[in-house]
Colleague: 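To start, I am sharing the structure in question, which I have written as structure tokens.
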There are 2 protein chains.
Amino acid sequence: MVNNDAPARTAARGYRRIATEEAFAPASVLELYRNLKLDDPGFNSLWGFYLNSPSERAVSVIRRLQDLGAERLADMEATGIDHQIIALTSPGTQVFDAATARSVAIEANDILAEACRAHPDRYTGMAAMAPQDPASAVKEIERAVRQLGFKAVILNGHTLGEYHDGAQYWPIFEAAEALDVPIYLHPNAPPKQMIAPFLEAGLDGAVYGFGVDTGLHMLRIICAGVFDRFPKLQFIIGHAGEALPFWQYRLDYMYGAGQRARRYPHMPLLAHPISHYLANNVYITNSGVAWQPAIEFCQKVIGVDRVLYAMDYPYQFQADEVRTLDEMSIPDDHKKKFFQTNAERVFKLVD
Amino acid sequence: MVNNDAPARTAARGYRRIATEEAFAPASVLELYRNLKLDDPGFNSLWGFYLNSPSERAVSVIRRLQDLGAERLADMEATGIDHQIIALTSPGTQVFDAATARSVAIEANDILAEACRAHPDRYTGMAAMAPQDPASAVKEIERAVRQLGFKAVILNGHTLGEYHDGAQYWPIFEAAEALDVPIYLHPNAPPKQMIAPFLEAGLDGAVYGFGVDTGLHMLRIICAGVFDRFPKLQFIIGHAGEALPFWQYRLDYMYGAGQRARRYPHMPLLAHPISHYLANNVYITNSGVAWQPAIEFCQKVIGVDRVLYAMDYPYQFQADEVRTLDEMSIPDDHKKKFFQTNAERVFKLVD
């Protein structure tokens with residue numbers, strides 16, 4: 001529930017700020033990451049940095065990820081964030097064996113649910129689950145939505161190198177559609193079979209590899225025909241849509257050309273051009289992109305009702321970015337949709 | 001040289017249309033491709049399709065690539081293209097051993113130079129070269145520019161899996177800067193060490209893999225410090241800048257964060273944020289993207305003097321796209337820069 005008793009400054013600016021791609025991590029999960037021996041260069045690059053670097057960035061991210069209480073609430077107060085939509089940080093459960101992944105999902109969801117109960121006006125949860133075991137994932141999504149009050153599902157890129165366009169994962173999509181909750185496809189580093197040319201140049205992480213891999217993953221799900229089978233299913237992708245809105249013309253032209261020529265006979269013929277799915281099955285947040293040109297571009301191309309605000313706390317905890325976005329020269333009603341009402345609708349925050 | 005005696009309809013519309021990423025291939029090179037046994041899934045996917053598919057698309061592309069005479073001139077006439085900047089099609093020389101690559105470059109340049117001499121008002125050449133042997137590449141670039149009158153260098157993505165940010169390739173960059181000719185970084189399919197997740201889903205080619213790989217390549221060259229060493233060097237990238245203008249905010253934020261934290265100690269500290277190099281060392285063409293939103297975005301972010309028209313003939317031979325671009329609702333002077341005067345300046349087409 002969003003508290004209608006908003007602070008005066010919220011009333012003054014005319015909208016609540018709801019941040020929709022915010023992260024947490026229980027200490028127990030960070031400890032599992034610390035002890036994990038994984039043949040995954042992307043995981044090792046990302047978590048090797050955050051868990052071991054003495055830099056101010058790494059130290060503050062690790063501390064803030066673990067807090068769902070005083071520090072997080074003070075940070076929200078300091079930057080004028082009224083409400084966070086929170087998920088277990090990437091890669092979440094998706095680097096573990098199935099049994100560990102199942103128990104991590106349950107534990108993370110229970111911890112997050114407790115924080116949401118303590119601060120219902122401040123926090124809303126996204127459900128962790130273990131795609132390694134799709135049947136258990138469906139059950140945990142149902143529990144998280146029906147019993148814990150969560151409003152979305154978090155999926156963090158590939159699971160141990162596997163993307164989720166394959167038919168074995170479709171029960172997860174079926175459950176999300178039936179429960180009417182969106183799936184947030186959050187970045188992970190590119191998998192082992194792709195990462196080498198990124199990693200060599202320090203481009204594997206949020207700077208570029210994340211976006212490329214998440215765009216690829218979203219396209220794989222579209223091109224596998226998932227939205228032809230589940231037309232009401234909604235995904236959310238961050239970082240200004242991982243550049244897919246910008247690629248839209250070329251995606252339509254070249255995917256269409258390839259389909260007409262049957263260049264890839266194993267791929268299904270889609271019912272619509274790729275842009276149709278972007279406009280009907282994908283919401284976009286601006287996480288990591290506090291920049292009017294990209295936000296306006298997405299509003300124009302994908303639709304002003306489909307672009308949502310996100311801070312990406314604690315990875316991009318920047319008060320100046322909030323101010324910059326408040327000052328965007330876009331119509332007031334577009335700004336209110338961006339910061340508040342689109343999120344209220346997508347995450348069902350108001351009755 | 002651009003002929004000042006332009007057709008009446010050119011005068012009527014107020015600008016010449018100069019297409020800047022146009023391709024050709026001698027029959028001898030296509031024959032080498034046909035007989036090449038290469039452990040490169042991207043090459044095999046791309047040229048396996050074009051050389052073997054009975055589809056209208058593949059057949060017409062293969063026929064048109066080989067023509068530098070009547071059919072090409074008729075196609076230009078039919079679509080109102082006044083001038084083509086032409087390069088050996090991707091991957092050019094870059095799939096061969098060094099000796100073959102050297103001779104292919106010389107042969108392709110000689111064939112293209114002959115066509116340019118026959119139709120100086122219609123064609124301008126970009127120089128092929130063999131990056132497998134940088135010293136020979138420098139000599140061939142010098143010959144092509146000084147003796148053949150070529151106005152740019154073509155570089156088609158990776159060479160046998162290797163990107164060109166490494167110091168062994170910097171003599172090529174030094175030569176291009178000294179000769180004051182731009183390097184067109186044209187897509188190739190992602191290399192073997194990256195392509196698997198794209199290829200599985202039919203996304204390795206122009207639909208998505210090309211753009212991702214070319215963006216990565218451009219970023220690797222920037223992040224290696226090439227433009228700090230050669231500040232006057234100019235690159236050109238197509239396809240609306242391979243989405244790098246759209247990624248600009250995140251690139252600056254996250255590369256800066258990584259540099260401050262020294263996340264990758266082997267990477268040099270850059271003198272400027274990545275956006276500086278995009279605005280000072282990179283020209284952009286709209287090849288493959290006949291779409292006002294992306295073109296205007298690039299003009300706004302990178303600069304109206306840095307965005308050029310391209311058709312991507314014969315891969316995207318579309319008269320309707322030319323008409324769409326003629327009708328863009330942008331200022332007349334921006335349109336003239338886009339179609340004509342930027343290309344005249346970048347390729348030194350007028351004395």
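Order of the sequence lines fixes the chain letters, A, B, ..., with proteins taken first and strands second; residue numbering starts at 1 for each chain.
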Colleague: Of the backbone (N, CA, C, O) and the side chain (C-beta and beyond), which part of L46(A) lies under 4.5 Å from a heavy atom of chain B, both, or neither?
Modeller: both
Colleague: By a 4.5 Å heavy-atom criterion (distance strictly below it), what part of V301(A) contacts chain B: side chain, backbone, both, or neither?
Modeller: side chain
Colleague: Pick from K192(B), R260(B), E242(B), H217(B): which one has the most heavy-atom pairs with chain A under 4.5 Å?
Modeller: E242(B)
Colleague: Pick one of side chain, backbone, both or neither for A290(B), based on which atoms fall under 4.5 Å of a heavy atom in chain A.
Modeller: both
Colleague: Out of E321(B), Q318(B), Q316(B), which residue meets the side-chain hydrogen bond (donor to acceptor under 3.5 Å, both in side chains) rule with Y253(A)?
Modeller: Q318(B)
Colleague: Determine the option with the most heavy-atom pairs under 4.5 angstrom with chain A, choosing from L244(B), L251(B), L199(B).
Modeller: L251(B)
Colleague: Do you know which of D165(B), D204(B), I195(B) has the most heavy-atom pairs under 4.5 Å to chain A?
Modeller: D204(B)
Colleague: Quick one: of A206(B), G256(B), A294(B), who has the most non-hydrogen atom pairs under 4.5 Å with chain A?
Modeller: A206(B)
Colleague: Classify the ring geometry of F297(A) against F297(B): parallel below 30°, tilted from 30° to 60°, perpendicular beyond 60°.
Modeller: perpendicular
Colleague: Determine whether a donor-acceptor pair (N or O, by modelled atom type, separation under 3.5 Å) exists between the side chain of H266(B) and the backbone of G202(A).
Modeller: no
Colleague: What is the distance from atom CG of N286(A) to atom OH of Y249(B), rounded to the nearest 0.5 Å?
Modeller: 9.5 Å
Colleague: Quick check for you: among A201(A), P54(A), A257(A), which has the greatest number of heavy-atom pairs under 4.5 Å with chain B?
Modeller: A201(A)
Colleague: Does any heavy atom of chain B fall under 4.5 Å from the side chain of R263(A), the backbone, both, or neither of them?
Modeller: both
Colleague: Hey, which of P197(B), A261(B), G288(B) has the most heavy atom pairs under 4.5 Å with chain A?
Modeller: P197(B)
Colleague: If you measure from CG on L203(B) to CE on M267(A), what distance do you get to the nearest 0.5 Å?
Modeller: 6.5 Å
Colleague: Would you indicate whether the side-chain heavy atoms of H239(A) and R250(B) approach each other to under 4.5 Å?
Modeller: yes
Colleague: Does any backbone or side-chain atom of A224(A) lie under 4.5 Å from a heavy atom of chain B? Answer side chain, backbone, both or neither.
Modeller: neither
Colleague: Judged by atom type as modelled, is there a donor-acceptor pair below 3.5 Å linking the side chain of Y208(B) to the main-chain atoms of V212(A)?
Modeller: yes
Colleague: Between W247(A) and V207(B), is the side-chain contact (heavy atoms from CB on, under 4.5 Å) condition met? List the steps.
Modeller: CA-CA 9 Å; W247(A) 281 122; V207(B) 60; over 6 Å; no
Colleague: With a 4.5 Å cut-off on heavy-atom pairs, point out which of A58(A), A196(A), G211(A) contacts chain B the most.
Modeller: G211(A)
Colleague: If you count heavy-atom pairs under 4.5 Å between each of S53(A), P190(A), G215(A), G258(A) and chain B, which one has the most?
Modeller: G215(A)
Colleague: Does the side chain of Q248(B) come within less than 4.5 Å of W291(A)'s, by heavy atoms?
Modeller: yes
Colleague: Side chain, backbone, both or neither: which part of E56(A) has a non-hydrogen atom closer than 4.5 Å to chain B?
Modeller: neither
Colleague: Roughly how far, to the nearest 0.5 Å, is CZ of R220(B) from CZ of F198(A)?
Modeller: 10.0 Å
Colleague: Under a 4.5 Å heavy-atom cut-off, does chain B meet the side chain of E162(A), its backbone, both or neither?
Modeller: neither
Colleague: Examine whether an atom of H158(A) lies under 4.5 Å from a heavy atom of chain B, and if so say whether it belongs to the side chain, the backbone or both; otherwise answer neither.
Modeller: neither
Colleague: Under a 4.5 Å heavy-atom cut-off, does chain B meet the side chain of Y264(A), its backbone, both or neither?
Modeller: side chain
Colleague: Please look at F246(A) and chain B and tell me whether the side chain, the backbone, both or neither of the residue comes under 4.5 angstrom of a heavy atom of that chain.
Modeller: both
